[in-house]
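Please read these numbers as outputs of a predicted model, since none were measured by experiment. Both counts, for ligands and for their atoms, begin at 1 and track the order of listing.
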Amino acid sequence: MTENEIFSKIREGFLSFDFEETKELVKDALERGVDPVEIIEKSLRPAMEIVGEKFEQGEFFLSELVVAGDLFKEIMDELISPRLKKEEKELGTVVIGTVRGDLHDIGKNIVATMLRVAGFKVIDLGVDVSPEAFLEAVKKYKPDIVGMSALLTTTMIEMENVIKELEKAGVRKDVKIIVGGAAVTEDFAKKIGADAYGKDAVEAVAICKRLVGVS
Ligand code: B1M
């Protein structure tokens with residue numbers, strides 16, 4: 001079986017919401033030496049996009065979004081995250097969170113995991129994080145980078161509110177800011193005054209390394 005066939009089988013398994021079958025397919029792919037990050041980006045994330053499209057078209061309901069979220073998390077926690085090899089480096093500290101009003105955390109968790117694997121210390125503030133909570137964390141942990149994730153067009157505006165909160169407190173200049181998530185674009189990131197936009201977790205890690213001057 002080619003890698004593309006493996007990715008397509010995992011996508012099919014995921015979309016049938018058969019937890020056991022999908023996990024078996026992922027396990028098998030990992031045993032064949034397929035890159036865990038490629039499994040995320042070429043099977044799991046595209047399958048999630050299809051779930052989102054079917055939800056938008058009224059073919060799936062909220063219950064399917066919940067089940068898909070659970071399946072994704074189980075695969076990450078049980079199979080993928082344990083296989084990512086941590087670099088023995090200390091690249092800096094990142095405070096990360098999903099912005100206020102937004103409960104989507106799968107992408108943010110992947111970014112946080114991959115940053116840890118790359119050697120960053122990551123303070124994960126979770127979901128529905130207010131501008132005040134981001135500010136408090138910046139004061140407390142003195143991070144090099146603040147990372148924000150948003151998946152809803154209604155919540156991405158909160159990223160700008162966080163930046164304004166940091167400016168108001170006089171600490172904006174002390175941190176670099178990276179934003180990402182399905183709702184966000186490079187243009188939006190520029191418009192709100194973020195330092196960078198990451199389209200996926202691999203890019204986010206590369207950008208964070210650049211922001212702390214290690215690549
Ligand atoms: Co929701 N949801 N959801 N949902 N959900 C979307 C986002 C949606 C696009 C689906 C759709 O209609 N097509 C839509 C938003 C529409 C819009 O705003 N334009 C939507 C909606 C409407 C909603 C609700 C309002 C539904 C309702 O209640 N009626 C509701 C809102 C709840 C809330 O947040 N207040 C809701 C709820 C949920 C669940 C909780 C059920 C569940 C999330 C479970 C969880 O996260 N624990 C869920 C899910 C699963 C989705 C979809 C299907 C999948 C999201 C996902 O996990 N993708 C999503 C459709 C879609 O995204 N196409 C959808 C996989 C993940 C790996 O990708 O998060 O994009 P992603 O992360 C990527 C990159 O974006 C990037 O790297 C990651 C890895 O490559 N990245 C960063 C992410 N953060 C980054 C940060 C960075 C850098 C890169 O720097 C810091």
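The shortest separation from a heavy atom of A201 to ligand 1 is under 4.0 Å, placing the residue in contact. Under a 4.0 angstrom heavy-atom cut-off, T154 registers as lying outside contact with ligand 1. The shortest heavy-atom distance from F72 to ligand 1 is under 4.0 Å. Ligand 1 has at least one atom lying under 4.0 Å from a heavy atom of G101. Not a single heavy atom of E203 sits under 4.0 Å from any atom of ligand 1.
Under a 4.0 Å criterion applied to the non-hydrogen atoms of G181, ligand 1 contributes the atoms 75 (O), 81 (N), 82 (C), 83 (C), 84 (N), 85 (C). Ligand-side atoms of ligand 1 in range of G180: 82 (C), 84 (N), 85 (C), 86 (C), 87 (C), 88 (C), 89 (C), 90 (O), range being under 4.0 angstrom from any heavy atom. The distance from ligand 1 to the heavy atoms of A182 drops below 4.0 Å at these ligand atoms: 62 (O), 70 (O), 75 (O). Those atoms of ligand 1 with a heavy atom of G198 less than 4.0 angstrom away are 88 (C), 89 (C). Listed by number with element, the atoms of ligand 1 under 4.0 angstrom from any heavy atom of K73 are 47 (N). Interface atoms of ligand 1 facing G147, defined by a heavy-atom separation under 4.0 Å, are 91 (C).
By the criterion of side-chain heavy atoms lying less than 4.5 angstrom apart, applied directly or through intervening Ile, Leu, Val, Met, Phe, Trp or Tyr residues, V214 is not grouped with V175; the two fall into different hydrophobic clusters. Both L30 and F7 are members of a single hydrophobic cluster when ILVMFWY side chains are connected at heavy-atom separations under 4.5 Å.
Without hydrogens or angle criteria, E74 side chain to L71 main chain gives no donor-acceptor distance under 3.5 Å.
A 6.0 Å sphere centred on NZ of K209 holds no more than 12 heavy atoms belonging to other residues, nucleotides or ligands. Within 6.0 Å of CD in E203 there are more than 12 heavy atoms belonging to other residues, nucleotides or ligands. No more than 12 heavy atoms of other residues, nucleotides or ligands shown are found within 6.0 angstrom of CD on E20. Within 6.0 Å of the NZ atom in K140, the count of heavy atoms belonging to other residues, nucleotides or ligands does not exceed 12.
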task = Given side chain to side chain contact (heavy atoms under 4.5 Å, CB included), test L125 with I123 step by step and report yes or no.
result = CA-CA 6 Å; L125 304 179; I123 315 289; 4.1 Å; yes
message = Would V34 and E3 count as a side chain to side chain contact (heavy atoms under 4.5 Å, CB included) here? Give the steps.
response = CA-CA 7 Å; V34 179; E3 285 210 346; 3.9 Å; yes
request  = Give the C-alpha distance, both sets of side-chain angles, the deciding distance and a yes or no for side chain to side chain contact (heavy atoms under 4.5 Å, CB included) between K73 and D105.
outcome  = CA-CA 10 Å; K73 282 195 165 182; D105 66 354; 2.9 Å; yes
request  = For side chain to side chain contact (heavy atoms under 4.5 Å, CB included), just list the numbers for Y197 and I207, CA-CA rounded to whole Å, side-chain angles, deciding distance to a tenth of an Å, and then say yes or no.
outcome  = CA-CA 8 Å; Y197 158 75; I207 291 168; over 6 Å; no
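Annotation: T153 places an N or O atom under 3.5 Å from an N or O atom of ligand 1; distance criterion only. Polar contact check, E49 against ligand 1: no nitrogen or oxygen pair lies under 3.5 Å apart. Where the criterion is an N or O separation shorter than 3.5 Å, residue side chain and backbone included, G52 meets it with respect to ligand 1.
Closer than 4.0 Å to atom 82 (C) of ligand 1 lies at least one heavy atom of the protein. Taking a distance limit of 4.0 Å, we find that atom 24 (C) of ligand 1 is approached by no protein heavy atom. Protein heavy atoms are found inside the 4.0 Å sphere centred on atom 64 (C) of ligand 1. Of the protein's heavy atoms, at least one falls inside 4.0 Å of atom 49 (C) of ligand 1. Under the 4.0 angstrom criterion, atom 76 (C) of ligand 1 counts as having a protein heavy-atom contact. For atom 41 (C) of ligand 1, the nearest protein heavy atom lies under 4.0 Å away.
E167 has no carboxylate O lying under 4.0 Å from a charged side-chain N of K164, or vice versa, which leaves the two without a salt bridge. Between D28 and R32 a salt bridge is recorded (basic side-chain N to carboxylate O distance below 4.0 Å). Under 4.0 Å is where a charged nitrogen must lie from a carboxylate oxygen, and between K168 and E165 at least one such pair does.
Between F14 and F19, the ring center distance fails the sub-6.0 Å criterion.
Between M48, Q57, H104, E53, it is H104 that holds the heavy atom closest to atom 3 (N) of ligand 1. Nearest to atom 91 (C) of ligand 1 by heavy atom, out of E41, M148, K54, is M148. In the candidate list S63, G107, C208, G107 is nearest to atom 66 (C) of ligand 1, counting heavy atoms. Looking at V146, L151, D128, I106, it is L151 that brings a heavy atom closest to atom 55 (C) of ligand 1. Taking all heavy atoms of V37, V67, D105, D102 into account, the minimum distance to atom 46 (O) of ligand 1 is reached by D105.
Protein heavy atom at the shortest distance from atom 84 (N) of ligand 1 is S149 OG, 2.8 Å.
Results of the side-chain contact (heavy atoms from CB on, under 4.5 Å) test with K108 over T113, V99, L151, I96 single out I96 as the only residue that passes.
In A204, the part holding a heavy atom less than 4.0 Å from any atom of ligand 1 is the side chain. If you look at I110 next to ligand 1, the close heavy atoms, those under 4.0 Å, all belong to the side chain.
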